[in-house]
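Note on naming: letters A, B, ... go to the chains in the order of the sequence lines (proteins, then strands), and numbering restarts at 1 for each one. Treat the numbers as computed from the prediction; the structure is a model and nothing was measured.
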There are 2 protein chains.
Amino acid sequence: MSQSLQLKNAGLKSTLPRLKILDLFGSGLECHLSADDIYRKLLESGVDVGIATVYRVLTQFEQAGLLVKRHFEGDKSVFELNQGKHHDHIVCLQCGKVEEFYDEIIETRQKTIAAERGFSVNDHTLSIYADCLKADCPNKRQGIV
Amino acid sequence: MSQSLQLKNAGLKSTLPRLKILDLFGSGLECHLSADDIYRKLLESGVDVGIATVYRVLTQFEQAGLLVKRHFEGDKSVFELNQGKHHDHIVCLQCGKVEEFYDEIIETRQKTIAAERGFSVNDHTLSIYADCLKADCPNKRQGIV
DNA sequence: GTTGAGAATGATAATGATTATCATTACCAA
DNA sequence: TTGGTAATGATAATCATTATCATTCTCAAC
């Protein structure tokens with residue numbers, strides 16, 4: 001589906017800032033960007049957008065179901081493409097890389113635990129903060145200290 | 001252990017704001033308070049404290065290992081007594097009540113998942129957002145709409 | 001293709017949570 | 001009791017995010 005059609009379906013006019021922001025998420029899955037990330041990337045690529053527009057568009061995309069907002073450690077929220085299916089996250093404390101996973105055992109267990117305590121699960125967030133053991137992990141933190 | 005001794009052990013002078021803040025967490029476990037909650041409670045009980053002091057003391061207590069900081073949904077952080085052992089949370093979306101739990105199956109499963117993907121787990125946060133089915137849940141949200 | 005109404009944008013002010021500054025005050029060892 | 005130093009509290013500053021509003025852009029109707 002073309003991007004401008006995607007926007008139309010969401011009831012949003014096809015404008016440059018919206019198309020460019022959609023572009024950033026476009027191809028790559030597992031892409032987690034903050035408003036500020038997006039603002040910077042657009043300015044770098046020569047798109048003269050305002051930070052207010054970035055926040056507005058992100059909110060609209062979230063409400064339209066195109067994006068999902070996440071809160072990892074730290075102050076700012078990040079957005080990712082809405083893949084329609086729930087998943088949790090592993091965040092590398094060294095390089096910031098985020099990987100997604102889904103585990104039926106954990107999902108089921110949560111419902112059981114909640115039920116045992118008299119709760120009906122509505123939603124949940126599970127974030128594992130870990131050290132990425134992969135060779136390509138830049139281990140930025142070590143360099144800074 | 002007396003509270004002023006607790007402070008001394010943490011290398012902190014025994015002052016009125018610190019004692020009063022420790023008091024608020026004191027007896028009740030599963031007590032989750034934001035800086036603003038604490039500020040209000042102290043003013044209500046006649047302790048004339050500044051909001052800056054509340055933030056400072058909370059940070060000191062966290063660094064001293066007396067408290068742990070949590071980020072549930074929403075913007076502000078909450079603090080709870082450091083019980084020394086890891087646990088996760090169920091938050092009632094109706095009344096805001098927070099219950100704590102620990103589940104070995106989920107813990108183990110997380111380590112497995114991370115290892116399979118080449119990560120070494122450092123920490124994690126799991127928050128289940130649910131509806132509290134208990135009779136004493138005030139169900140505040142329903143009243144607001 | 002032109003046009004006009006209304007939506008979208010961007011500069012900037014405002015907000016809410018949190019942190020930094022700094023003069024005044026309180027704690028505690030001597 | 002007192003002096004040095006840490007702690008406090010009023011307030012300014014910061015950071016992420018949201019609201020305001022005049023200007024600009026989109027798109028449907030001509």
In whole Å, what is the span from the [atom1] atom of [X] to the [atom2] atom of [N]?
{"X": "B:K8", "N": "D:dA6", "atom1": "NZ", "atom2": "C1'", "value": "14 Å"}
{"X": "A:K69", "N": "D:dA16", "atom1": "NZ", "atom2": "P", "value": "14 Å"}
{"X": "B:L12", "N": "C:dA26", "atom1": "CG", "atom2": "C1'", "value": "15 Å"}
{"X": "A:Q63", "N": "D:dT18", "atom1": "CD", "atom2": "P", "value": "10 Å"}
{"X": "B:L7", "N": "C:dA26", "atom1": "CG", "atom2": "C1'", "value": "15 Å"}
{"X": "B:L5", "N": "C:dC27", "atom1": "CG", "atom2": "P", "value": "18 Å"}
{"X": "A:L58", "N": "C:dA8", "atom1": "CG", "atom2": "C1'", "value": "15 Å"}
{"X": "B:L22", "N": "D:dA7", "atom1": "CG", "atom2": "P", "value": "15 Å"}

Base, sugar-phosphate, or nothing: which does [X] touch, judged by heavy atoms less than 4.0 Å apart?
{"X": "A:S77", "answer": "sugar-phosphate"}
{"X": "A:S14", "answer": "sugar-phosphate"}
{"X": "A:K13", "answer": "base"}

Practice problem: Check which hydrophobic residues are tied to A:I105 through side-chain heavy-atom contacts below 4.5 Å, counting indirect links as well, and list them. | Solution: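 Members besides A:I105, by chain and number: B:I105.
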Quiz item: Which residues, ordered by chain and number, are linked to A:I128 in its hydrophobic cluster, where ILVMFWY side chains connect at heavy-atom gaps below 4.5 Å, directly or through other members?
Solution: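 Its cluster mates, by chain and number, are A:I90, A:F101, A:I106, A:I113, A:F119, A:V121, A:L126, B:I90, B:F101, B:I106, B:I113, B:F119, B:V121, B:L126, B:I128.
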At a cut-off of 3.5 Å, list every protein nitrogen or oxygen paired with a nitrogen or oxygen from nucleotides 8-12 of chain D, distance to 0.1 Å.
from: D:dT8; atom 1: OP1; to: B:T15; atom 2: OG1; distance (Å): 2.6
from: D:dG9; atom 1: OP1; to: B:D48; atom 2: O; distance (Å): 2.8
from: D:dG9; atom 1: OP2; to: B:G50; atom 2: N; distance (Å): 3.2
from: D:dG9; atom 1: OP2; to: B:T53; atom 2: OG1; distance (Å): 2.9
from: D:dG9; atom 1: N7; to: B:R56; atom 2: NH2; distance (Å): 2.5
from: D:dG9; atom 1: O6; to: B:R56; atom 2: NH1; distance (Å): 2.9

Quiz item: Is B:L24 reachable from B:L16 through a run of hydrophobic residues whose side-chain heavy atoms are each under 4.5 Å from the next?
Solution: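 Not linked; separate clusters.
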If you look only at distance, which donor and acceptor atoms sit under 3.5 Å apart when one is on a side chain in residues 47-59 of chain B and the other is two or more places apart or in another chain?
from: B:T53; atom 1: OG1; to: B:R56; atom 2: NH2; distance (Å): 3.2
from: B:T59; atom 1: OG1; to: B:Y55; atom 2: O; distance (Å): 3.0

Name each donor-acceptor pair under 3.5 Å that joins a side chain in residues 60-76 of chain A to protein atoms two or more places apart or in another chain, with its distance.
from: A:Q60; atom 1: OE1; to: A:R18; atom 2: NE; distance (Å): 3.4
from: A:Q60; atom 1: OE1; to: A:R18; atom 2: NH2; distance (Å): 3.2
from: A:R70; atom 1: NE; to: A:E80; atom 2: OE2; distance (Å): 2.7

Quiz item: What residue pairs, at least two apart or across chains, pass salt bridge (Lys or Arg N to Asp or Glu O under 4.0 Å) with a residue in residues 112-129 of chain A?
Solution: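 Salt bridge (Lys or Arg N to Asp or Glu O under 4.0 Å) check on residues 112-129 of chain A returns no pairs.
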Practice problem: Between C:dT18, C:dC28, C:dA17, spot the one nearest the side chain of B:D75, thanks. | Solution: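 Comparing C:dT18, C:dC28, C:dA17 against the side chain of B:D75, the answer is C:dA17.
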Quiz item: If only side-chain N and O atoms of B:Y55 are considered, is one of them under 4.0 Å from the OP1 or OP2 phosphate oxygen of C:dT19?
Solution: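 It does not, given that no N or O in the side chain of B:Y55 lies less than 4.0 Å from OP1 or OP2 of C:dT19.
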Self-check item: Side-chain H-bond candidate by donor/acceptor type, A:E104 with A:Y102, under 3.5 Å
Solution: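 A donor-acceptor contact under 3.5 Å links the two side chains.
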